[in-house]
Amino acid sequence: MDVTAIIESLNAAQREAVCADEHDQLVLAGAGSGKTRVLVHRIAWLLATAGHSPHDLLAVTFTNKAAREMRLRLEALLGLNLRSMWVGTFHSLSHRLLRTHWKDAQLPQHFQILDSDDQLRVIKRLMKDLGVDDDRFPPKQAQWFINGQKDEGRRAAHVLARGEFERGMAEIYAAYEERCQQQGLVDFAELLLRALELLRDTPLLLQHYQNRFKHILVDEFQDTNTLQYAWLRLLRGPNSCLMAVGDDDQSIYGWRGAKIENIQRFTEDFSGAKTVRLEQNYRSTGTILDAANALISHNTGRLGKELWTDGASGEPISVYAAFNEQDEARFIVDLIQQHVQDGGLRRECAILYRSNAQSRTLEETLLRQQVPYRIYGGQRFYERLEIKNALAYLRLMVNRDDAPAFERVINTPTRGIGTTTLEKLRARARDEGQSLWQAAIEMISGGLLKGRAATSVQAFIQLIERLDEQSLPLPLHEQVELVLNDTQLMDFHAQEKGEKGQARVENLKELITAVRQYDPALPVTMSDDGEINLEGRAALEHFLAEATLDAGDTQAEEDQDAVQMMTLHTAKGLEFPLVFIAGVEEGLFPHQMSIEEGADRLEEERRLCYVGITRAMKKLYLTHAESRRIYGRDNLCRPSRFISELPENLLQEVRLRASISRPVSARPQVRHQGMAQSQAEEVGLRVGQQVSHPKFGAGIILHAEGDGPKTRLLINFDEVGEKWLVLGFAPLTPLD
DNA sequence: GTGGGGAGTTTTTTT
DNA sequence: AACTCCCCAC
């Protein structure tokens with residue numbers, strides 16, 4: 001590797017961070033300032049110049065995607081295989097520690113990971129058993145409470161409960177803690193907390209890892225929560241360095257426990273730390289950066305940072321005031337079509353929005369205009385019902401005591417084991433302190449179940465035992481295939497009516513493919529006396545953990561050139577030449593809930609807007625609607641305060657030009673600003689509707705006043721401009 | 001065990 | 001408006 005060439009390609013600030021001496025560092029990396037590049041090059045520098053081995057380094061990210069990308073870029077840059085280097089998410093690294101040191105962590109060897117869905121089920125079950133009133137203590141809130149406490153590093157015994165509600169919650173937490181321990185279940189927050197406690201309470205282990213990791217590098221540091229920060233501080237040994245890379249202005253996850261304070265106090269906690277600011281932006285035009293800088297300057301308590309570019313200032317930011325969300329969608333889609341007509345690609349365009357509900361209107365319009373699009377977000381592959389059913393069978397094969405898995409498939413597909421039987425099993429398990437599996441076996445052999453129930457439960461037990469035995473010597477994907485067929489899960493979902501069943505079967509097939517391609521990267525632990533079996537089960541266990549920790553993409557990657565649609569949160573870290581931010585209205589963005597929650601939340605919304613703006617490379621559009629249907633009701637909306645926080649000289653109000661619009665088939669219904677519904681419905685008109693007039697040509701309805709046939713319409717005609725016409729007299733034809 | 005009907009909910013998302 | 005959850009009837 002030519003280190004000199006790499007270093008020369010960096011700017012001064014980047015170079016300072018990459019080639020820094022071995023001390024703690026805080027790298028404040030503005031949007032588009034080459035953050036990942038610095039991280040990757042720093043590691044390369046440590047390996048090539050400072051003489052470290054990959055074994056000495058630990059790189060932590062938040063998402064699996066980011067971890068994969070980092071490893072990939074490093075391997076490409078160095079031309080090395082970096083399997084010995086720890087690169088992963090807080091959760092995957094914690095998981096690794098716990099699997100390796102399960103005894104010291106006081107966990108059963110085959111502990112299972114609970115995803116949030118399973119966690120909620122466990123909590124609901126538990127509350128039923130405890131007889132807790134779920135009106136006063138909603139299970140979702142209990143889950144929120146428990147995770148929140150764990151994220152703060154607090155065990156049930158340490159909860160500071162004030163008031164009846166919190167005391168109740170704390171009791172649920174304590175019972176939940178006990179049940180998870182008993183069943184060998186570990187939720188997401190528990191992975192981190194347990195790993196932290198493992199290191200804290202096992203000095204030799206801590207020393208070992210502190211000595212090993214000479215350098216710890218963290219990405220997206222502004223998103224760390226209390227627990228993650230404690231984890232980092234513990235793992236950084238007396239002779240190690242921590243490099244935290246992040247951007248306080250892009251901290252947008254406070255609502256789920258991220259502590260922006262962590263980045264703000266970093267240099268106090270690590271007193272020798274140097275701060276490097278990366279402010280030169282390689283992504284956006286000067287105009288876009290000026291707007292971003294101006295917006296974020298309205299926040300308080302910033303560490304301070306100003307983005308700049310030596311590139312062109314580019315086009316102004318366009319602001320469009322739509323009549324309603326349909327008009328907004330049409331405006332956006334029109335411009336995208338124009339972009340494509342001018343030779344651009346659809347994938348260069350991104351539509352960003354605050355909440356998922358906004359995607360529907362946009363989708364409908366794209367669909368109608370036959371513009372291919374891709375939506376990010378939504379249900380992920382390993383979270384789908386049919387996939388979770390399949391995984392539950394596999395989990396039972398690995399660990400018979402896994403109660404959530406047992407409950408999920410005991411009667412899926414239906415095999416005549418109803419609530420009554422299940423309740424008996426639960427009662428027995430509870431009274432004897434057994435797992436459901438044990439309870440089932442003992443009740444069968446003790447003759448405590450009668451008739452059909454006994455037969456069915458026995459058959460279920462035998463099924464699992466047989467599958468376990470038969471699948472053991474098989475390759476992983478054949479194990480899964482066997483399970484899908486012999487449990488009749490495939491048939492069960494195949495006979496579900498409608499497209500749903502079809503899709504589920506497809507997904508199950510997809511699961512087999514995914515397993516076939518799965519490379520567990522296992523250290524080969526096969527013993528001489530041919531215990532291939534052990535190896536086969538270990539592979540399955542790895543696969544199951546990975547499926548839970550990385551729930552997969554929302555949808556299979558499509559090669560088609562498509563418009564990119566996602567929430568502002570999802571867009572963080574991405575960039576697009578052409579960006580639309582839709583629904584920039586008070587109440588929606590900033591969201592009403594954030595406005596009500598106070599200044600901190602509002603500042604977070606502003607950071608979210610900052611994130612959105614800085615996604616744009618060349619051209620940015622902000623759109624807002626005067627009227628928007630939310631929860632089935634029309635609301636009048638004011639433009640967002642964020643728009644007025646942008647310097648006016650950077651903005652350009654988009655004049656309505658109906659001529660750029662193509663006709664769309666909005667359902668002919670009018671319920672807007674007093675326009676008479678019945679009258680208008682007859683002719684199929686509504687505000688925002690495009691119409692044609694024999695004399696004035698094509699135009700678009702801007703306003704409606706009055707009632708019945710006397711309704712006055714303000715129409716902006718392409719050729720002759722704005723005109724007031726009376727509905728009853730004007731020969732208007734809707735353009736659909 | 002399924003399906004219909006009524007009531008209640010409704011930001012943002014990863015692990 | 002659209003979705004989930006829960007209860008009740010078949």
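Given the structure is predicted, the values throughout are model-derived calculations rather than measurements.
- Look at R256(A) and D151(A) and you find no salt bridge, because none of the NZ, NE, NH1 or NH2 atoms lies under 4.0 Å from a carboxylate O.
- Within 4.0 Å of Q358(A), counting heavy atoms only, lies no atom of the nucleic acid at all.
- Residues T419(A) and H91(A) both approach DNA chain B. Their nearest nucleotides, taken by heavy-atom distance, put T419(A) toward the 5′ side.
- As judged by a 4.0 angstrom heavy-atom cut-off over every strand, N411(A) is placed among residues touching the sugar-phosphate backbone only.
- Between W102(A) and F111(A), the ring center distance fails the sub-6.0 Å criterion.
- When DNA chain B is scanned in the 5' to 3' direction for atoms under 4.0 Å from non-hydrogen atoms of chain A, the outermost contacting nucleotides are dG1(B) to dT15(B).
- Among the protein residues, D115(A) comes within range of no part of the nucleic acid, since none of its heavy atoms lies under 4.0 Å from any strand.
- Backbone-only engagement by F62(A) is indicated by non-hydrogen atom pairs under 4.0 Å involving sugar-phosphate atoms exclusively.
- Aromatic rings of Y229(A) and F221(A) (six-membered ring for Trp) have centroids within the 6.0 Å cut-off, being under it.
- Counting non-hydrogen atoms under 4.0 angstrom, T570(A) reaches the backbone sugars and phosphates but no base.
- Within the nucleic acid shown, D550(A) has no heavy atom closer than 4.0 Å to any nucleic acid atom.
- When the shell of 6.0 Å around CZ of R452(A) is examined, it contains 12 or fewer heavy atoms from other residues, nucleotides or ligands.
- Projected onto DNA chain B by closest heavy-atom contact, R354(A) and T63(A) fall at different nucleotides, the more 5' of which corresponds to R354(A).
- Between F406(A) and F460(A), the ring planes lie perpendicular to each other; the angle is over 60°, past the 30° to 60° tilted range.
- Using the six-membered ring where Trp is involved, F165(A) and F137(A) have ring planes that are parallel, under 30° apart on the 30 and 60° scheme.
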